[in-house]
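Heads up: numbering here begins at 1 and tracks the sequence.
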Amino acid sequence: MGGKSILRDVALGAGVSLRTASRVLNDDPRVAEATRRRVQDVMRELRYTPDLMARSLRAGTDATVGLVVESIADPFFSELVAAVESATAQDDKSVLVASNHGDPEQERRIVTQMLERRVSGLLIVPTGSDHSWLAGAGAPLVLVDRPADGLAADVVGIDDRQASFDAVTHLIAYGHRDIAYVGDYPHVATSAARLAGYREAMAQNDLPVREELVRASCPTAPAAGAAMSMLLAGDRPPTAVLSAATRCSLGVVPALHEHRRTDVALVGFGDFAMADLLVPAITVVDHSAAAVGRAAAARLARRIAEPDLAPESLHVAVRLVERGSGEQRP
């Protein structure tokens, strides 16, 4: 048969109606198993591929999921993107990925463009504050990693406050009292929750927070490295530090090595390449980006299938991976 096969060719070859062939294509459970196998065999024989554009026009939405993250250059978000792509591929959907770079206006432009493309659903790592403009967006929506002000929606992430509390409590258990905090964006919900967990752990152990040890606005690795260097140069440097983001750890760790202060205990949020090979190896709060991505994709698939579900906050489990840096005593 010359040219590209169409669904009518499949129906003819399998000896079924066009409607039955269409039902097989759309996984309709009303089709008998023997008929389904026969139609699928003909599809493979003819190398039939569905016209996704036509299917999208009939459905009113694109066979694409929109995913908006802070930056695909960030190790956490690049791993999350890969997991979402893998999960959605199982539903024959592709992923349209864009970075907002922490810019609320850019985020709004990107989301608007995705909605104009009639994506079947949206996964958004929100930036900025008020997101009430997304209410009634017209597409199923799941927030990833953090909630958004002014918007009642599903949120898939981790319990950042508790994870930070547990990390600081771990350092305190090893005898540390002067514990520094290095974070990225204090106005972002996840970062604010991690800082709150740090403060709560100190308070519950009757330890004062030395505010000069709190460096909560280090959005890049160089900024975090500079902050760590300044902390080490102080009159009373910390004996331990909680690095509250992977990007921060990528600055904190080199600074500790540069100043030959790897005796300073360290727990980092998020694993990173070769963290287990350093001396000492880096103790981390392992909050798997892949697990968050898979859970977010699963929740969006359910949200698409059941649009009237009540919004939920879903937490992916984390674990403290003890490798040595967080188990050093002062």
Worksheet item: Checking side chain to side chain contact (heavy atoms under 4.5 Å, CB included) for the pair Arg261/Asp263: CA distance, chi angles, key distance, verdict?
Response: CA-CA 5 Å; Arg261 289 302 314 273; Asp263 60 303; 2.9 Å; yes

Worksheet item: Is there a chain of hydrophobic side chains (I, L, V, M, F, W, Y, each step under 4.5 Å between heavy atoms) that links Leu320 to Phe269?
Response: yes

Discussion item. Please report the interatomic distance OG1(Thr190) to CG(Asp159), rounded to the nearest 0.5 Å.
Written reply: 12.0 Å

Worksheet entry | Cluster link Val284 to Val253, ILVMFWY, side chain under 4.5 Å | yes

Worksheet entry | Shortest non-hydrogen contact from Leu231 toward Ala180 | CD1-CB, 3.9 Å

Discussion item. According to salt bridge (charged side-chain N to carboxylate O under 4.0 Å, His left out), who are the partners of Asp91, at least two apart in sequence or on a separate chain?
Written reply: none

Practice prompt. Verify the distance criterion only: is there a donor paired with an acceptor across the side chains of Asp184 and Ser191 at less than 3.5 Å?
Written response: yes

Practice prompt. Decide yes or no for Arg303 and Leu309: does some side-chain heavy atom of the first lie under 4.5 Å from some side-chain heavy atom of the second?
Written response: yes

Discussion item. Could you report the tightest heavy-atom contact between Val144 and Ala296, atom names first, then the distance?
Written reply: CG2-CB, 3.9 Å

Worksheet item: If every non-hydrogen atom of Ala83 is compared with every non-hydrogen atom of Ala290, which pair is closest and at what distance?
Response: CB-O, 3.4 Å

Discussion item. Filter on side chain to side chain donor-acceptor pair (under 3.5 Å), then keep only pairs touching residues 78-88, sequence neighbours left out; what's left?
Written reply: none

Discussion item. Contact between Leu195 and Val214 at the side-chain level, heavy atoms closer than 4.5 Å - yes or no?
Written reply: yes

Item to complete: Looking only at non-hydrogen atoms, find the nearest pair between Ala255 and Leu232 and report the distance.
Response: O-CD1, 4.3 Å

Report all side-chain donor-acceptor pairs from residues 270-281 shorter than 3.5 Å, counting only partners two or more places apart or in another chain.
{"unit_1": "Asp271", "atom_1": "OD1", "unit_2": "Arg323", "atom_2": "NH1", "d": "3.0"}
{"unit_1": "Asp271", "atom_1": "OD2", "unit_2": "Arg323", "atom_2": "NH2", "d": "2.8"}

Worksheet entry | Straight-line distance of Thr127 OG1 to Glu105 CD, nearest 0.5 Å | 11.0 Å

Practice prompt. Please check if Val252 and Ile282 belong to a single hydrophobic cluster, counting links between Ile, Leu, Val, Met, Phe, Trp and Tyr side chain heavy atoms closer than 4.5 Å.
Written response: yes

Item to complete: Drop me the distance from Thr112's OG1 to Trp133's CH2, to the nearest 0.5 angstrom.
Response: 5.5 Å

Worksheet entry | Among Val39, Val16, Leu7, Val10, the one residue meeting side-chain contact (heavy atoms from CB on, under 4.5 Å) with Val24 | Val39

Response to the item:
Closest heavy-atom pair, Ala297 versus Ala87, reported as atoms and distance to 0.1 Å, is CB-CB, 3.7 Å

Worksheet entry | Point-to-point distance, once rounded to the nearest 0.5 Å, from CG of Leu18 to CG of Asp9 | 10.0 Å

Worksheet, complete the sentence: Under a side-chain separation threshold of 4.5 Å, the hydrophobic residues clustered together with Tyr185 are Val188

Discussion item. Can you list everything that forms a salt bridge (charged side-chain N to carboxylate O under 4.0 Å, His left out) with Glu70? Sequence neighbours excluded, please.
Written reply: Arg146, Arg247

Item to complete: Give the C-alpha distance, both sets of side-chain angles, the deciding distance and a yes or no for side chain to side chain contact (heavy atoms under 4.5 Å, CB included) between Val267 and Val285.
Response: CA-CA 7 Å; Val267 175; Val285 177; 4.0 Å; yes

Item to complete: Can you tell me which residue pairs pass the ring pair (Phe, Tyr, Trp, His ring centres under 6.0 Å) test with a partner in residues 94-125, sequence neighbours excluded?
Response: none

Worksheet item: Would you say Tyr181 and Val168 make side-chain contact, with heavy atoms under 4.5 Å?
Response: no

Worksheet item: Could you walk me through whether His287 and Val316 pass the side chain to side chain contact (heavy atoms under 4.5 Å, CB included) check?
Response: CA-CA 8 Å; His287 63 307; Val316 173; over 6 Å; no

Worksheet item: With distance as the sole test, does Asn205 use its side chain to make a donor-acceptor pair with the main-chain N or O of Leu207 at under 3.5 Å?
Response: no

Worksheet, complete the sentence: Taken to the nearest 0.5 Å, the spacing of Ser164 OG from Glu200 CD works out to 9.5 Å

Item to complete: With side chain to side chain contact (heavy atoms under 4.5 Å, CB included) as the test, would you mind laying out the steps for Leu122 and Leu115 before giving the verdict?
Response: CA-CA 9 Å; Leu122 285 167; Leu115 290 171; 3.7 Å; yes

Worksheet item: Can you find a pair of side-chain heavy atoms, one from Asp74 and one from Val69, that are under 4.5 Å apart?
Response: no

Discussion item. If the threshold is 4.0 Å, N to carboxylate O, is there a salt bridge linking Asp41 and Arg38?
Written reply: no

Discussion item. Hydrophobic clusters here meaning ILVMFWY residues chained together by side-chain heavy-atom distances under 4.5 Å, can you tell me if Phe76 and Ile158 are in one?
Written reply: yes

Discussion item. For the residue pair His131 / Glu107, report whether a side-chain donor-acceptor contact shorter than 3.5 Å exists.
Written reply: yes

Worksheet item: Taking all non-hydrogen atoms of both residues, which atom of Ser71 and which atom of Ser99 are closest, and how far apart?
Response: CA-OG, 3.5 Å

Worksheet item: Side chains of Val264 and His259: closer than 4.5 Å at any heavy-atom pair?
Response: no

Practice prompt. Kindly indicate whether the side chain of Leu314, heavy atoms from C-beta on, has any atom under 4.5 Å from the side chain of Asp154.
Written response: no

Discussion item. Show, in sequence, the C-alpha distance, side-chain angles and deciding distance for Arg199 and Glu211, and conclude whether the salt bridge (charged side-chain N to carboxylate O under 4.0 Å, His left out) test is met.
Written reply: CA-CA 10 Å; Arg199 292 186 181 280; Glu211 292 301 330; 2.8 Å; yes

Discussion item. Quick one, Leu213 and Asp178 - any side-chain contact, counting heavy atoms below 4.5 Å?
Written reply: yes

Worksheet item: Do any N or O atoms from the side chain of Arg194 and from the backbone of Ala244 form a donor-acceptor pair under 3.5 angstrom?
Response: yes

Worksheet entry | Close side-chain approach of Ser94 and Thr64, heavy atoms under 4.5 Å | yes

Practice prompt. Verify, without hydrogens or angle tests, whether Glu327 (side chain) and Gly324 (backbone) share a donor-acceptor contact under 3.5 angstrom.
Written response: yes

Worksheet item: Can you hop from Val209 to Val241 via hydrophobic side chains spaced under 4.5 Å?
Response: no

Discussion item. Quick check for you: to the nearest 0.5 Å, what is the distance between Leu123 atom CG and Met114 atom CE?
Written reply: 9.5 Å

Discussion item. Quick check on Arg8: does its CZ atom have over 12 non-hydrogen neighbours (other residues, nucleotides or ligands) under 6.0 Å away?
Written reply: no

Worksheet entry | CD1 (Ile72) with more than 12 external heavy atoms under 6.0 Å | no

